[in-house]
Amino acid sequence: RPGWSREASAEAEAAAAIPCSAHGRAFLDSLVVDGAPTCECNTCYVGADCSELSPDCSADVDSGDPVFLEPYWQKHAASSAVLVSGWHRMTYKATGDNFISVELEKHIRRLHAAVGNAVADDRFIVFGTGSTQLINALVHALSPDSPSSSPPARVFASAPFYPVYELQTDFFDSREYEWEEGAASDFVNASKGNFIEFVTSPNNPDSLLRRSVLGGSSVIYDHCYYWPHYTAIPAPADGDVMLFSNSKISGHASSRFGWALIKDKRVYERATKYIQLNSMGVSRDSQLRILKVMKAMLAEMKGEEGVFEFGYATMRERWRRLSSLVSSSNLFSLQRLSPQYCTYFRKIRDPSPAYGWLKCEMEQHRDCEAFLRSEGVITRGGAIFHSDSRYIRLSLIKTQDDFELLMLKMEALINKETS
Ligand SMILES: C=C(NCc1c(COP(=O)(O)O)cnc(C)c1O)C(=O)O
């Protein structure tokens with residue numbers, strides 16, 4: 001079958017060549033008009049080629065949609081592309097047990113070793129459709145496995161926390177576990193009960209490095225952001241249960257790929273069974289694509305062209321600009337982050353968080369989300385993270401257009417309020 005890939009390659013190159021100004025792109029599966037994929041524009045940009053900026057359009061910094069890395073992959077087009085034949089891996093089987101690609105597992109372990117952000121050697125691994133699918137899988141795996149004879153596990157996180165932990169625990173509503181409201185300190189002295197604590201480090205929404213309040217073996221460490229673009233890596237994470245998401249590493253949230261590193265064999269077996277019953281593993285097409293992306297990241301590791309060097313430079317500059325603007329007025333304040341030694345970069349590195357955790361300091365702006373929305377900035381309100389409505393989260397990981405629009409609106413707002 002020589003030359004069978006020529007048509008697929010030509011199709012992909014043609015879509016990539018469709019001009020969408022610097023404010024959009026066309027994909028192979030974009031909406032087709034007159035026989036060709038159409039441009040998908042960044043927020044507020046319109047027109048066939050995304051070249052027009054809509055007047056009075058709000059900056060949208062609500063979701064943690066990691067598109068800030070798109071330019072990196074456009075620059076590394078050749079090393080990150082993969083061409084899928086029509087007969088590629090049609091079987092349910094993968095090369096390893098539990099629907100796992102052996103090569104992808106190998107590369108994940110190489111990535112942790114190269115970055116030094118987690119102890120992976122004596123850990124089992126479970127793949128998930130996004131780390132989102134693993135959140136409830138791990139709660140199940142850490143809960144009592146005979147709910148009729150033991151009380152449900154008490155699941156909690158310290159505010160402000162990523163709301164999906166509670167939303168899933170309530171939604172799946174099992175006899176094995178239940179969500180506990182309240183501050184972690186409420187539980188520290190409680191003797192009874194099997195606790196499951198979520199510890200997000202760096203945390204979403206405030207990007208601070210965190211430790212467990214309870215300690216012990218039933219802590220789910222969510223290290224979704226524990227990578228050099230967002231934080232210093234002081235030492236390899238060494239928790240019994242650690243959750244990672246490729247969405248925030250390479251930016252490919254669309255491939256829905258995450259993994260858990262688990263020390264205890266029984267916990268690993270229960271999480272694996274959950275994934276088998278829930279989805280029979282992660283799409284093998286996604287595993288193939290993420291394998292190619294990981295190979296590309298590892299090939300450029302520590303070089304000028306590394307994804308972490310690119311990501312850090314981008315996020316550090318965004319934080320520098322935002323924090324400088326915010327400190328120029330007394331309307332707002334941001335979380336305090338200080339430079340810290342990073343074992344990956346082998347230097348003290350500046351803050352470069354994925355999110356700004358902004359407080360509206362004025363009494364009249366108590367509902368900070370509503371105030372900023374009225375000024376043309378769409379954010380995620382603090383109450384969603386079980387915090388005060390005086391706080392809002394600003395996503396700093398979207399496109400450069402999104403960040404520039406945010407800065408434009410914030411500058412105008414600060415100038416107006418302080419003139
Ligand atoms: C997209 C967003 N969060 C993703 C996320 C996830 C889910 O990521 P996945 O794309 O499902 O792997 C898990 N854990 C934390 C702490 C997260 O922040 C968000 O907060 O806007």
Side-chain angles (χ1 to χ4, degrees), residues 43 60-69 104 108 111 117-118 125-139 155-169 171 196-210 212 219-227 229-231 237 239 241-261 271 275 278-279 282-283 286-287 289-290 293-294 315 353-358 369 378-387 391-399 402-403 406:
T43 309
D60 181 349
V61 286
D62 171 34
S63 86
D65 200 16
V67 193
F68 77 106
L69 287 166
L104 179 51
I108 287 170
L111 189 66
N117 68 334
I125 194 165
V126 182
F127 287 1
T129 299
S131 55
T132 296
Q133 187 188 35
L134 289 166
I135 288 170
N136 191 246
L138 294 172
V139 170
V155 191
F156 76 96
S158 304
F161 61 81
Y162 179 54
V164 171
Y165 305 143
E166 178 185 18
L167 294 171
Q168 281 200 10
T169 303
F171 180 79
I196 297 175
E197 181 186 6
F198 275 100
V199 178
T200 313
S201 185
N203 193 31
N204 173 2
D206 58 21
S207 306
L208 299 175
L209 288 173
R210 283 189 154 185
S212 162
V219 179
I220 299 173
Y221 288 95
D222 186 335
H223 289 312
C224 179
Y225 302 95
Y226 196 52
W227 297 91
H229 6 352
Y230 309 115
T231 178
V241 179
M242 298 187 280
L243 193 51
F244 296 94
S245 159
N246 184 68
S247 304
K248 301 304 190 308
I249 304 172
S250 71
H252 294 90
S254 57
S255 297
R256 307 312 300 123
F257 186 74
W259 65 90
L261 296 177
I275 296 300
N278 186 268
S279 61
V282 173
S283 151
S286 283
Q287 292 191 47
R289 188 204 186 162
I290 299 303
V293 162
M294 289 216 172
M315 297 311 294
Y355 303 110
W357 186 231
L358 186 96
E369 192 274 337
I378 299 166
T379 68
R380 195 162 289 182
I384 292 173
F385 300 94
H386 286 258
S387 184
Y391 290 88
I392 50 100
R393 187 189 79 171
L394 300 171
S395 172
L396 302 177
I397 52 177
K398 294 184 73 177
T399 68
D402 290 311
F403 178 73
L406 167 69

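Just so you know, ligand 1 is whichever comes first in the structure, and atom 1 is the first atom listed for that ligand.
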Mutual orientation of the aromatic rings belonging to Phe257 and Phe127 [parallel < 30°, tilted 30-60°, perpendicular > 60°]: perpendicular
Under 4.0 Å to a heavy atom of Tyr355 - the qualifying atoms of ligand 1, by number: 2 (C), 19 (C), 20 (O), 21 (O)
Spacing of CZ belonging to Arg256 relative to OG belonging to Ser286, to within rounding of 0.5 Å: 9.0 Å
Nearest neighbour in protein (non-hydrogen) for atom 10 (O) of ligand 1: Ser247 OG, 2.6 Å
Contact atoms of ligand 1, heavy-atom distance to Thr200 under 4.0 Å: 16 (C)
Gln133 to ligand 1, any heavy atom closer than 4.0 Å: no
For atom 6 (C) of ligand 1, closest protein heavy-atom neighbour: Tyr162 OH, 3.6 Å
Test applied, side chain to side chain contact (heavy atoms under 4.5 Å, CB included); reference residue, Gln168; option that passes from Val155, Asn136, Val139: Asn136
Ser245 touching ligand 1 at heavy-atom level, < 4.0 angstrom: yes
Thr132 and ligand 1 - part of the residue with a heavy-atom distance under 4.0 Å: both
Nearest protein heavy atom with distance in Å, relative to atom 16 (C) of ligand 1: Asp222 OD2, 3.4 Å
Over all atoms of both residues, closest heavy-atom pair of Asn246 and His252: ND2-CB, 4.0 Å
Tyr226 and His223 aromatic ring geometry - parallel, tilted or perpendicular at 30°/60° bounds: tilted
Within-cut-off N or O pair, Cys224 and ligand 1, under 3.5 Å: no
Geometric class of the Trp227/Phe244 ring pair [parallel <30°, tilted 30-60°, perpendicular >60°]: perpendicular
Identity and distance of the protein heavy atom lying nearest atom 4 (C) of ligand 1: Lys248 NZ, 3.1 Å
Proximal atoms of ligand 1 relative to Gly130 (non-hydrogen, under 4.0 Å): 11 (O), 12 (O)
Working for side-chain contact (heavy atoms from CB on, under 4.5 Å), residues Ser255 and Gln287: CA-CA 8 Å; Ser255 297; Gln287 292 191 47; over 6 Å; no
Within reach of ligand 1, part of Phe244 (heavy-atom separation under 4.0 Å): neither
Protein residue, atom and distance nearest to atom 8 (O) of ligand 1, heavy-atom basis: Ser131 OG, 3.3 Å
Heavy-atom closest contact (Gly381 atom, Ile392 atom, distance): CA-CG2, 4.1 Å
Exercise: do Asp206 and Tyr391 side chains pair donor with acceptor under 3.5 Å: no
Proximal ligand 1 atoms for Tyr165, defined as those under 4.0 Å from one of its heavy atoms: 16 (C)
Ligand 1-proximal atoms of His252, by part, heavy-atom distance under 4.0 Å: neither
Minimum-distance pair of heavy atoms, taken over all atoms of Arg210 and Ala159: NH2-O, 3.3 Å
Heteroatom distance test (Tyr225, ligand 1): nitrogen or oxygen, under 3.5 angstrom: yes
Atom indices of ligand 1, in the order listed, that fall short of 4.0 Å to a heavy atom of Arg256: 9 (P), 10 (O), 11 (O)
For Tyr355, all residues meeting ring-ring contact (aromatic ring centres under 6.0 Å, His included), sequence neighbours excluded: Tyr225
